[in-house]
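Following: one structure in C-alpha cells, then a few remarks.
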Amino acid sequence: MSSRRQYPFDLIEPKWQQRWEAQQLFRAWNPGDAIPAAHPFAQRHGLSGPTPADKLPPKYYILDMFPYPSGAGLHVGHPEGYTATDILARYRRTRGYNVLHPMGWDAFGLPAEQYAIKTGQHPRATTEANIANFKRQIQSLGFSYDWSREVDTTDPGYFRWTQWIFVQLYGAWFNPRTNKAEPISTLVYPEGLTSAHERRSYCDSKRMAYVSEAPVNWCPELGTVLANEEVIDGKSEVGGFPVVRRPMRQWMLRITAYAERLLNDLDGLDWTHSLKEMQRNWIGRSDGAEVRFALVSTKGSEPAPVITVFTTRPDTLFGATYMVLSPEHRLVDSITTPQQREAVDAYKNFAATKSDLERTELAREKSGVFTGAFAINPVDQKRIPVWIADYVLATYGTGAIMAVPGHDTRDLEFATKFNLPIVQVVRPPDPKADWRGFVEAGTATNSRNAEISLDDLPTADAREKIIAWLESKALGRRTINYKLRDWLFSRQRYWGEPFPIVWRSGQHEALPDSDLPLQPPDLTDFKPTSAGDPPLARAQEWTALSDGALRETNTMPQWAGSCWYYLRYLDARNPAAFCGREAEKYWMGAGGAPLNVSGAPAKPGVDLYVGGTEHAVLHLLYSRFWHKVLFDLGHVSTSEPFFKLVNQGLILGELEFTLFSAESGRHVTANHVKNISEEASADGVRLVGVHQASGEKCIGRRVDEEEIEKTGDGFVLKSSKAIRVDARSFKMSKSRGNVISPDVILAQYGADAFRLYEMFMGPLEMVKPWSTKGVDGVYRFLGRVWRLFIDDQSETEFEQAATTASAGDAALLDRIRLKPDVQEASASRAQLKTLHACIKNVTEDLDGLRFNTAISELMVFVNEAMTWPVKPAAILREFLILLQPFAPHIAEELWSKLTASTGQPAPALAYAPWPVLDPALLVEDFMEMPVQVNGKLRDVIRVAATATSQEIEAAALASEKVKADLAGKTIRKMIVVPKKIVNIAAG
RNA sequence: GCCGGUGUGGCGAAAUGGCAGACGCACGGGACUUAAAAUCCCGGGACCAUAAAAAGUCGUGCGGGUUCGAGUCCCGCCACCGGCACCA
C-alpha cells in the first residue's frame with residue numbers, strides 16, 4: 001500500500017464538484033427549456049433561450065437502476081454500474097449529445113418498516129436519513145447526474161402518478177382481438193348478460209387490475225403476502241422466512257395477457273442472450289394440445305364428465321396409461337367412488353396443509369391416491385385409472401395430466417411406485433438405448449387405431465398428425481400454455497403506495513384524479529392489527545369515509561414505484577402529468593436534430609440501461625408490462641422501454657484461502673473435501689464440507705497468503721505441501737465481514753482512482769474479485785498523469801504551504817505550476833501517432849463498453865509521453881479530453897492550468913469536442929511481419945508498407961533463420977497475409 | 001435434472017482465425033537517498049540448457065477435428081458461477 005500521496009486529490013475533488021454544482025453543468029435540457037446563453041452546453045451548440053425539440057441536438061438517455069437506500073450505505077457494487085454510465089454520459093456530451101443521466105431513490109420497502117416496528121421511528125425519517133447518506137456518497141464520486149431531476153418513489157409528488165397509473169390499469173381491459181389493452185368502455189359484453197349486477201361482475205373480472213380470492217403466498221414472519229417471484233424455494237426472498245399457501249382477497253395485475261408480447265418483443269432488444277433466456281424461461285411458453293378424456297360413467301345414463309388435460313407430447317397419447325388430477329381439481333369430489341372417498345379426503349387434506357417449503361423438501365418422493373374413477377383413452381378406448389397427486393399443479397395447464405410413464409420422468413417414477421402399466425410409444429434414435437424414460441424426440445411406435453397411425457413417424461410429425469386428428473374429432477385442440485402467472489399486487493404493509501381505491505357496499509371503485517395523491521395515514525404503530533388486517537387498518541378515521549365507504553388497506557409492492565421511474569425522470573417536476581408529451585417524445589422517441597459531428601443519431605427508448613442481474617426477471621418484466629400498457633393506452637410512444645441493457649457483474653470480496661481440518665483435527669487436502677458450503681459460526685461464516693473417503697465433516701479456517709504457495713494447478717500450505725487449500729472469493733456480506741466501503745477507498749485514493757479501479761478490474765459484465773492493492777496501480781497512473789504536467793518544485797512549495805495553512809484551502813492549488821517541459825511546441829510525427837493511436841483505441845473501446853482496455857490505452861499514452869523531453873500542449877489538451885470521462889476531477893484541474901497558460905478563453909472541458917481521429921497519422925512506412933514455418937514462428941522481417949506479396953515472399957525466404965529451418969524441406973505452400981503474417985508450409 | 005455463462009502467468013486481465021500474455025498488481029534486480037518511503041530504469045509463462053546467454057521443446061480446463069495457421073471455429077467431456085426446477 002503506497003503511503004505517499006500521489007497528488008492532492010483531497011483538494012481537487014471537492015473543488016470541482018462544487019463548481020459543477022454551482023454551474024449546473026450537467027443539467028439536461030428538455031424541449032422548450034430556456035437554456036442560459038452562458039451555459040457550456042449552449043455555447044457548444046450555439047443555443048440560447050427557449051429551444052424546441054428540433055433545434056436540440058440528439059438525445060442520449062443513459063440510465064442506472066436506482067438504488068434502494070439501505071441503512072448500510074453504498075457498497076462497491078453500486079458504483080461499478082454508476083461509473084460505467086457516468087463515463088459514457090460524459091463521453092456522449094463531448095460527442096455533442098444532449099445527455100440525460102439521472103438518479104433517484106427506490107425508497108419504499110420493508111427494511112424501513114421493520115426498523116419502524118422495532119424502534120417506533122417513522123419510516124419516513126429513516127428513509128430520509130438513508131437517502132441523505134446515499135446521496136452524499138454518490139456525489140463524492142463526481143458523477144455527472146442531473147440532480148434537478150432526482151426522484152424519490154416515496155414522495156407524494158411521485159407516488160401520485162404511481163397511483164394514477166394503477167387507475168389506468170384499473171380502467172382498462174385486455175382485448176384479445178386487438179391483442180392490446182383498451183379502455184374498459186370498449187369492453188364487449190356477452191349476449192344475455194343483462195342485469196347490472198352481472199354486467200358489473202363481468203366487467204370487474206376483465207380489468208387489467210382485478211380482485212382475486214385465490215390462494216396466495218402468505219409469509220407469517222413478514223405479515224404479508226408475496227408475489228411468486230418473491231418466493232425462492234418456499235421461503236421469502238427477503239429474510240428467508242417460510243411461506244404458506246392461504247386464500248386471501250388480493251389485487252392482481254393481468255400480466256399474463258401480455259405473455260406473448262413480452263416474449264416476442266424480446267427479439268428486438270439489445271440485451272444479453274442469458275438475460276433474454278431468463279425472461280423467456282420465466283414466461284415459459286409451452287406449445288402443445290388439450291385433450292378431452294371422457295370418464296367411464298358410474299351413474300347409469302347421466303352423461304359422463306370430461307377431463308381436459310394439457311400435454312406438450314400429444315404424440316405419446318397411445319402411451320397414456322393413467323391420468324392424474326391435482327388434489328385441488330374441481331372434479332375430484334364428484335368422481336371419487338365411495339370406496340376411495342376416505343383415502344382421497346385424507347390425501348387432499350395432507351396436500352392442502354403442506355407449506356410450499358415442505359412441498360419442496362418432499363419433492364423427490366412421489367405420493368398420490370386412486371380416486372376409483374376410470375377414464376377412456378380417446379385413441380384406443382382403453383379404461384385408464386384416474387389418480388390424484390400433488391406433483392400435478394392446480395395452477396398450470398388444466399390442473400390435470402395424462403400420464404405417459406414410458407416417456408415422462410415424473411410419470412415413470414409415479415407408475416413404478418404404484419405399479420401402473422408402462423408402455424412404449426417412442427423409439428429412441430439409438431436402438432441400444434432404453435426406451436423406458438426416454439423423453440426426447442424419436443420415432444412413434446405402438447400408436448395406431450382403426451383410423452390413424454403414427455407409427456414410424458418422427459416425433460414432430462406425429463405430434464402434428466395427432467393434433468389434426470384430435471381437432472377433426474373434437475377430442476382436443478392445439479394450445480399454448482405459459483408458466484407466467486398474474487402478478488399479485490397487494491401487500492399488507494405500511495410503507496408503500498396506498499391503493500387509490502375505495503369499497504362501497506362491497507364493490508370497489510377508483511378514486512377520481514382530483515383525490516390524488518392519496519397519502520398514507522400517520523401511524524405510530526406499524527404492525528398489522530391483532531385481527532390480522534394490514535397496518536393501514538389501524539387508522540380508522542383514514543379508512544372510513546364520511547359516506548360509509550371504506551378505503552382499501554393494502555398497499556402496493558415495492559416494484560410499483562420502480563416500474564416507471566425512468567419515465568418520471570423525463571419531466572420530473574411536472575405537476576400536471578406523469579410526464580409531458582413533448583418531453584416523452586423527445587427523450588423516448590428518436591428526438592433531436594441530426595448530429596453535425598461524427599456520431600450515431602438518436603435511437604428510441606432508453607439508450608442504455610445498466611444494472612445488476614438480480615432484477616433480470618422481477619423489475620424488468622414488470623416494467624416492460626407497465627410500459628406496454630401505457631403504450632397501448634397512448635401515453636408513451638415506444639412499445640419497449642429499454643432497448644439496450646447491460647448487466648454489470650458482481651464484485652466479490654478479496655481472494656481468501658481456506659484450510660480444511662477433519663473433526664479429529666488433522667489437516668485435510670481441499671480437493672478431497674466435497675459438498676463445500678457456508679455455515680454460520682461463532683465468528684461469522686465459515687466453510688464446511690464432507691471428506692470424500694471417510695465422510696467426516698471438515699471445517700474450514702481462513703489462512704494468510706503468507707502461509708500459502710502455488711504448486712501445479714492449486715495452492716498448498718508452505719509447511720506441508722501435500723495439503724491443498726481452497727482459494728476463492730466470496731460475495732461481500734456483513735456476516736462474512738468482507739465488505740469494502742467506498743468511503744474508506746475514497747479517503748485513501750480519491751474518487752478518480754476509485755472510479756478508474758472499478759473499471760480497470762475487468763469487463764463490466766464479468767464477476768470480479770476486489771483487490772485493494774489493485775487500486776494502487778491506477779492511483780499511481782493518476783500520479784504519473786499529474787507529474788506529466790506538474791512542476792515538482794512548485795508542488796513541494798504547495799505541500800509546505802498546505803501543512804501550515806488551514807486545511808482544505810483549494811486556493812492553495814493555484815501555487816502549483818505546469819512544468820517547463822509543457823510548451824506550445826509543434827508535435828512530432830511520432831508524438832501525433834501516439835496520440836492518435838490513443839484516440840482510436842479509446843474511442844473504439846468506449847463504443848464497445850470496454851472500459852478496462854480503454855484505461856490501459858490511456859496508460860500506454862502516458863508511459864510514452866513521460867519520455868518526451870518537450871510535451872506539446874496541444875497534444876496534452878487532447879489527452880485530457882480523453883481522460884475526462886474516466887477521471888474528471890484531475891482532468892479538470894490540469895485542463896484549467898493548461899488553458900490558463902495560453903491566455904485564451906477555453907471551452908469547458910466537459911463539453912469540449914471529442915478529438916477527431918486522423919487515420920493518416922497511423923499509417924506506417926514499414927511493417928514488421930512475423931514469418932512462420934509450419935505455423936511456428938521463425939523470424940520477424942521488416943518490409944516496406946507498400947511491398948507486394950511477391951516482395952514479401954522473397955524477403956521471407958531470404959531470412960537466414962527461415963533458410964536454416966527450411967533446409968532439406970520442400971515448400972508446399974506459401975501464405976502471405978498482407979500486414980499480418982507469412983506462413984510457409986513445408987515438409 | 002434443464003437453461004445460460006465462464007475456464008489464459010502467482011493474481012486481475014489482453015488478443016477482427018495470424019508474433020499468446022497488452023495494461024496493471026504482486027515479486028526480483030538496479031539508480032536516487034545517511035536510511036526508508038516515494039519516484040525512475042530493467043527483468044519476468046513453463047521446461048531444457050548454461051558461468052551467463054543463444055538455440056530448442058512445451059504451453060490458453062481435458063480429448064478429438066477443420067485449417068497453411070486455433071485461446072478464437074466444429075464435435076465430445078470436465079470444473080466453477082448464475083438462473084429455473086414436479087410447469088406435464
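Here the structure is a predicted model, which means the values were calculated and not measured. Lettering follows sequence order; numbering is per chain, from 1.
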- [ ] Give a yes/no on whether any side-chain N or O of A/Lys773 is located under 4.0 angstrom from OP1 or OP2 of B/rC25.
- [x] no
TODO: Please list, by residue number, the residues of residues 645-652 of chain A whose heavy atoms come closer than 4.0 Å to an atom of RNA chain B; answer none if no residue qualifies.
DONE: none
Task: Pair A/Gln6-A/Arg787, side-chain donor/acceptor within less than 3.5 Å - done: yes
- [ ] Using a heavy-atom cut-off of under 4.0 Å over every strand shown, decide if A/Arg784 touches base, sugar-phosphate, or nothing.
- [x] sugar-phosphate
Task: Under 3.5 Å side-chain donor-acceptor pair for A/Glu656 and A/Ser729 - done: no
Open item on the list: Looking at A/Tyr391, I'd like to know whether one of its side-chain N or O atoms comes within less than 4.0 Å of OP1 or OP2 on B/rA88.
Closed with: no
Please tabulate, for the side chains in residues 392-406 of chain A, all donor-acceptor contacts under 3.5 angstrom to protein atoms that are two or more places apart in sequence or on a different chain.
from: A/Thr395; atom 1: OG1; to: A/Arg485; atom 2: NH1; distance (Å): 2.9
from: A/Tyr396; atom 1: OH; to: A/Ser286; atom 2: OG; distance (Å): 3.3
from: A/Thr398; atom 1: OG1; to: A/Thr308; atom 2: O; distance (Å): 2.6
from: A/Thr398; atom 1: OG1; to: A/Ala400; atom 2: N; distance (Å): 3.4
from: A/Thr398; atom 1: OG1; to: A/Ala400; atom 2: O; distance (Å): 3.3

Open item on the list: Applying a 3.5 angstrom cut-off to the pairing atoms, does RNA chain B sit in any stems of at least three consecutive Watson-Crick or G-U pairs? List them by first number.
Closed with: B:1-7 with B:78-84, B:10-12 with B:23-25, B:27-31 with B:39-43, B:45-47 with B:56-58, B:61-65 with B:73-77
- [ ] Apply the test salt bridge (charged side-chain N to carboxylate O under 4.0 Å, His left out) to residues A/Glu924 and A/Lys833: give CA-CA distance (whole Å), side-chain angles for both, the deciding distance (0.1 Å), then the verdict.
- [x] CA-CA 10 Å; A/Glu924 303 267 4; A/Lys833 192 180 151 196; 2.6 Å; yes
Open item on the list: At less than 4.0 Å, is any side-chain N or O atom of A/Gln6 found next to OP1 or OP2 of B/rU39? Yes or no.
Closed with: yes
Task: Positions of residues 850-858 of chain A (non-hydrogen atom under 4.0 Å from RNA chain B), listed by number - done: A/Asn852, A/Thr853, A/Ser856
Task: side chain to side chain donor-acceptor pair (under 3.5 Å) partners of residues 752-766 of chain A, not counting sequence neighbours, each pair once - done: A/Asp86-A/Arg755, A/Asp752-A/His889
Open item on the list: Using OP1 and OP2 only, check whether a side-chain N or O of A/Lys961 sits under 4.0 Å from B/rA55.
Closed with: no
Open item on the list: Checking one value: the base orientation of B/rG9, syn if chi is within 90 degrees of 0, otherwise anti.
Closed with: syn
TODO: State whether a side-chain donor-acceptor pair under 3.5 Å links A/Thr853 with A/Asp845.
DONE: yes
Open item on the list: Within the 4.0 Å limit for protein heavy atoms, which parts of nucleotides 1-7 of chain B are touched? Write it as a string from 5' to 3', B for base, S for sugar-phosphate only, - for none.
Closed with: --SSSS-
- [ ] Describe the nucleic acid contact of A/Arg787 in one word from base, sugar-phosphate, nothing, applying a heavy-atom distance below 4.0 Å.
- [x] sugar-phosphate
TODO: Considering only atom P, compute the distance from B/rG12 to B/rA35 and round it to an integer number of Å.
DONE: 38 Å
Open item on the list: Reading RNA chain B from 5' onward, which residue's closest nucleotide shows up sooner: A/Val617 or A/Asn863?
Closed with: A/Asn863
Task: Check: A/Ala670 main-chain N/O paired with A/Asp726 side-chain donor or acceptor under 3.5 Å - done: no
Task: Residue-phosphate contact under 4.0 Å: A/Arg938 side-chain N/O, B/rG56 OP1/OP2 - done: yes
- [ ] Measure from the ring center of A/Tyr749 to the ring center of A/Phe754 and say whether it is less than 6.0 Å.
- [x] no
